[in-house]
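Right, one structure below, let's go through it.
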Amino acid sequence: QAQLVESGGGLVQAGGSLRLSCVVSGRTFRCYAMGWFRQAPGKEREFVAGIIWTGIGTIYADSAKGRFTISRDNAKSTVYLQMNNLKPEDTALYYCAYGPRLAPAANAYDYWGQGTQVTVSA
């Protein structure tokens, strides 16, 4: 079983920034894509951003475009989500995941972290 550990969440005021990290370990092979999702209480889990493990390719939800940037460090088996100009509606538990293909759907990913909480105050 893969282990995915998110970090970097916290409390920030609207307009502020956070950088989330997700470290993958416990596997003998690389995943082909990694994604970030978020879920607020009473709401469905939604896609935020995704990146392929090698090569060039990223996708973003409309709510993230222009504000969030996903990146990776293959040597560290880590994916990042830089979040700028945060809004109260960004408040959610953020999850990282990896799977065999890059897609904006949760069912495209096989392994998930436990999440890191992001809270944005007005």
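Predicted model only: the values in this text are computed from it and were never measured.
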Does the side-chain contact (heavy atoms from CB on, under 4.5 Å) test come out yes or no for T91 and Q117, once each step is laid out? CA-CA 8 Å; T91 296; Q117 179 67 39; 4.1 Å; yes

Side chains of R38 and S63 in contact at under 4.5 Å (non-hydrogen atoms): yes

Do Q82 and F68 come within less than 4.5 Å of each other through their side chains, counting heavy atoms only? no

Compare every heavy atom of [Y] with every heavy atom of [X], then report the nearest pair and how far apart it is.
X    : Y    : result
L18  : L86  : N-CD1, 3.9 Å
V48  : A64  : O-CB, 3.7 Å
V23  : T78  : CG2-OG1, 3.5 Å
P100 : A108 : CD-O, 3.5 Å

Given side-chain contact (heavy atoms from CB on, under 4.5 Å), test T119 with V12 step by step and report yes or no. CA-CA 6 Å; T119 303; V12 65; over 6 Å; no

Nearest 0.5 Å, what's the [atom1]-[atom2] distance between [X] and [Y]?
X    : Y   : atom1 : atom2 : answer
S17  : R67 : OG    : CZ    : 10.0 Å
Q114 : S7  : CD    : OG    : 13.5 Å
L4   : E6  : CG    : CD    : 6.5 Å
M34  : I51 : CE    : CD1   : 9.5 Å

When you measure from the centre of the six-membered ring of Y80, is the NZ or CZ of R72 under 6.0 Å away and within 45° of the axis? no

With sequence neighbours left out, what residues match F37 under ring-ring contact (aromatic ring centres under 6.0 Å, His included)? F47, Y109, W112

Is it the case that the side chain of Y60 and the backbone of I70 share a donor-acceptor pair, with hydrogens and angles ignored and the cut-off at 3.5 Å?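 Pair found, side chain donor or acceptor close to backbone of I70.
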
Would you say the side-chain atoms of N74 pair up with the backbone N or O of W53, donor to acceptor, closer than 3.5 Å?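 Answer holds: yes.
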
Applying side-chain contact (heavy atoms from CB on, under 4.5 Å) to V120 and E89, what does each step give before you reach the verdict? CA-CA 8 Å; V120 184; E89 51 263 43; over 6 Å; no

Under the ring-ring contact (aromatic ring centres under 6.0 Å, His included) test against Y98, which residue among Y32, Y111, W36 passes? Y111

Apply side-chain contact (heavy atoms from CB on, under 4.5 Å) to the pair D90 and M83, showing each step before the final yes or no. CA-CA 10 Å; D90 295 318; M83 304 187 294; 6.0 Å; no

Can you get from V24 to L20 by hopping between Ile, Leu, Val, Met, Phe, Trp and Tyr side chains that sit under 4.5 Å apart?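 Linked, V24 and L20 end up in one cluster.
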
Would you sort out whether D62 and K65 count as a salt bridge (charged side-chain N to carboxylate O under 4.0 Å, His left out), showing the intermediate values? CA-CA 5 Å; D62 288 342; K65 291 179 180 178; 3.3 Å; yes

